[in-house]
Amino acid sequence: MRLGFAVKVLGKEGIKSSDARRWQNSPHLKFSIEYAHIVFDYLEATGITMYRLPSDFAPYLTHPDLPQFHNQLEEAHDELVELGKHAQKLNLRLSFHPSQYILLNSPNEKLTEGSIREFVAASTMLDIMGCGSEAVVVTHVGGVYGDRDGSIARFIKHYNERLPEVAKKRLVLENDDKSYGVADTLRIHKSTGVRLIFDHQHHSCINNGEMTHEEACCASLKTWGTNGRPKIHFSSPRIENRTIMRRDKETGKRKASECAPLMSQHADMVDSDVFVPFARSVRELCGIEFDVMCEAKSKDLAVLQLREDLQKAGDFVVE
DNA sequence: CGATGTCAAGGAATC
DNA sequence: GATTCCTTGACATCG
């Protein structure tokens with residue numbers, strides 16, 4: 001089992017994850033790659049073997065109004081190859097997770113077209129780096145647009161008919177916290193063959209009671225077949241009662257009012273008292289090995305903590 | 001230097 | 001139809 005985290009290193013100061021300068025200052029993938037080498041050095045030092053690259057790794061790569069950024073993959077080709085070699089030397093599993101604005105199922109033609117370019121670009125970077133099929137590009141189903149079935153059908157259609165092969169090989173689908181649960185991603189898998197990421201916390205958010213976490217997880221793991229070791233997302237909810245300032249209709253004044261606790265926010269650390277029994281149940285139920293992307297607020301620090309907890313548990317092999 | 005505003009983008013809920 | 005939240009770090013500007 002590999003443990004990984006997303007984008008930002010917190011365990012050491014001064015490590016950037018991408019060239020985040022404004023377009024006026026000509027940021028470039030080449031600089032992001034330089035930063036990534038430093039991140040990889042940190043991963044080597046801490047023994048962390050899985051890492052999600054930032055969605056803006058190549059800044060403005062597909063921005064419709066900034067064509068001067070569109071050739072970065074070619075311009076940084078050799079540097080990408082070198083970065084890939086560095087990753088392989090560390091036996092590092094890499095991934096991308098494009099931002100919320102990238103949607104495969106949009107009815108807006110321009111948006112879908114742009115998103116496909118983005119998926120192709122992320123996939124191509126992994127290709128150039130020479131990564132195996134375990135290096136994936138993660139996405140969600142997308143918007144509902146007032147018609148769930150139609151929007152699921154549109155995802156399937158766009159995936160099957162429009163997504164180039166290079167991206168089909170990399171794209172994987174994750175259940176989300178609001179609109180599309182594991183029942184939906186499983187349905188889409190049947191029509192597309194897309195591999196599924198099980199997100200444990202998102203499953204808690206939707207919680208329709210039809211599938212336990214273990215059942216939903218195993219069903220998702222099975223969609224990988226022999227195409228690389230599956231991966232799940234795991235995080236613990238930040239449970240916190242919030243008070244918000246709401247404007248009172250009668251008086252027009254703002255006053256504090258209670259609000260339901262938010263279950264969708266991430267806690268600092270992964271709760272191993274939840275993770276360990278869950279992972280054991282999954283092992284018992286289907287016996288499929290998997291990697292774990294920790295989506296905790298404390299990022300790499302949460303990974304190091306979880307790794308320690310797993311070593312104490314004694315019955316997990318952490319790579 | 002510290003505080004504050006801003007960043008390319010969509011979707012959904014709210015009013 | 002317009003506004004705000006979601007969620008996030010860090011760049012960029014201002015005092």
Side-chain angles (χ1 to χ4, degrees), chain A residues 5-29 31-32 35-36 38-39 52-70 72 96-119 121-122 139-148 150-152 154-155 158 174 176-180 184 199 201-202 205-206 233 235 237-238 240 242-250 252 254 257 259-268 295-302:
Chain A
F5 68 99
V7 183
K8 175 67 183 161
V9 171
L10 294 184
K12 193 174 166 190
E13 293 222 334
I15 299 184
K16 297 186 190 185
S17 39
S18 69
D19 187 359
R21 292 173 297 166
R22 305 288 193 263
W23 64 265
Q24 293 88 338
N25 296 313
S26 305
H28 200 282
L29 171 59
F31 294 105
S32 291
Y35 300 149
I38 297 168
V39 171
R52 178 192 300 163
L53 293 158
S55 57
D56 53 357
F57 198 51
Y60 304 102
L61 183 65
T62 63
H63 192 297
D65 304 326
L66 300 172
Q68 68 268 36
F69 288 99
H70 292 185
Q72 288 176 86
F96 279 108
H97 194 342
S99 77
Q100 57 183 315
Y101 304 108
I102 309 303
L103 297 153
L104 190 58
N105 82 335
S106 174
N108 176 338
E109 192 48 33
K110 279 243 169 358
L111 188 53
T112 297
E113 201 53 47
S115 297
I116 288 175
R117 276 168 55 213
E118 198 75 35
F119 290 133
T139 192
H140 296 283
V141 182
V144 175
Y145 311 99
D147 175 12
R148 279 174 50 81
S151 297
I152 288 175
R154 200 163 46 249
F155 182 100
H158 289 172
E174 175 189 350
D176 69 48
D177 58 340
K178 285 192 186 71
S179 310
Y180 299 104
D184 300 311
D199 187 303
Q201 187 177 359
H202 289 168
C205 292
I206 289 190
H233 290 177
S235 49
R238 169 177 302 268
E240 194 173 84
R242 313 177 296 161
T243 48
I244 57 170
M245 299 302 285
R246 197 169 263 155
R247 197 173 292 279
D248 188 279
K249 280 212 179 97
E250 311 269 308
R254 289 157 78 86
S257 67
C259 192
L262 261 181
M263 291 293 290
S264 59
Q265 294 192 338
H266 293 154
D268 291 343
E295 295 191 319
K297 259 189 94 175
S298 293
K299 308 279 185 186
D300 48 314
L301 302 177

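By convention in this document, chain letters (A, B, ...) are assigned in the order of the sequence lines, proteins followed by strands, and residues within each chain are numbered from 1.
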Separation of [N] [atom2] from [X] [atom1] (nearest whole Å):
X	N	atom1	atom2	answer
Ile15(A)	dG9(C)	CD1	C1'	15 Å
Asp19(A)	dA10(C)	CG	P	13 Å
Phe31(A)	dC11(C)	CZ	P	13 Å
Glu13(A)	dG9(C)	CD	P	14 Å

[X]: partners by side chain to side chain contact (heavy atoms under 4.5 Å, CB included), with sequence neighbours left out:
X	value
Ser26(A)	none
Arg22(A)	Gln24(A), Asn25(A)
Pro107(A)	Tyr145(A), Arg154(A)

Nearest-Å distance once atom [atom1] is located in both [N] and [M]:
N	M	atom1	result
dG9(C)	dA12(B)	P	25 Å
dG11(B)	dA10(C)	C1'	25 Å
dT8(C)	dG2(B)	P	25 Å
dA8(B)	dA2(C)	P	23 Å
dT7(C)	dA3(B)	P	26 Å

- Query: Got a sec, which pairs hit salt bridge (charged side-chain N to carboxylate O under 4.0 Å, His left out) with one end in residues 5-19 of chain A, sequence neighbours left out?
  - Reply: Asp19(A)-Arg21(A)
- Message: Tell me which pairs pass salt bridge (charged side-chain N to carboxylate O under 4.0 Å, His left out) where either residue lies in residues 104-117 of chain A, with sequence neighbours left out.
- Response: Glu109(A)-Arg162(A), Glu113(A)-Arg162(A)
- Task: Decide if the gap between the ring center of His233(A) and the ring center of His266(A) is smaller than 6.0 angstrom.
- Result: no
- Item | Test ring pair (Phe, Tyr, Trp, His ring centres under 6.0 Å) applied to Tyr35(A) - qualifying residues, sequence neighbours left out | none
- Message: List the residues meeting ring pair (Phe, Tyr, Trp, His ring centres under 6.0 Å) with Phe5(A), not counting sequence neighbours, and say none if there are none.
- Response: Tyr51(A)
- Message: How close do Leu61(A) and Phe69(A) get, counting heavy atoms only, and between which atoms?
- Response: CD1-O, 3.6 Å
- Task: Please determine if a side-chain N or O atom of Lys8(A) lies less than 4.0 Å away from the OP1 or OP2 oxygen of dA10(C).
- Result: yes
- Phosphate-side-chain proximity, Asn25(A) and dC11(C), N/O vs OP1/OP2 below 4.0 Å: no
Short N/O separations, protein against nucleotides 5-12 of chain B, under 3.5 angstrom:
residue: dT6(B); atom: O2; partner: Arg22(A); partner atom: NH2; Å: 3.1
residue: dA8(B); atom: OP1; partner: Tyr60(A); partner atom: OH; Å: 2.6
residue: dA8(B); atom: O4'; partner: His63(A); partner atom: NE2; Å: 2.8
residue: dG10(B); atom: N2; partner: Gln100(A); partner atom: OE1; Å: 3.3
residue: dG11(B); atom: OP1; partner: Tyr145(A); partner atom: OH; Å: 2.4
residue: dA12(B); atom: OP1; partner: Val144(A); partner atom: N; Å: 2.5
residue: dA12(B); atom: OP2; partner: Tyr145(A); partner atom: N; Å: 3.4

- Item | DNA chain B stem ranges, 3 or more consecutive Watson-Crick or G-U pairs under 3.5 angstrom | B:1-7 with C:9-15, B:10-15 with C:1-6
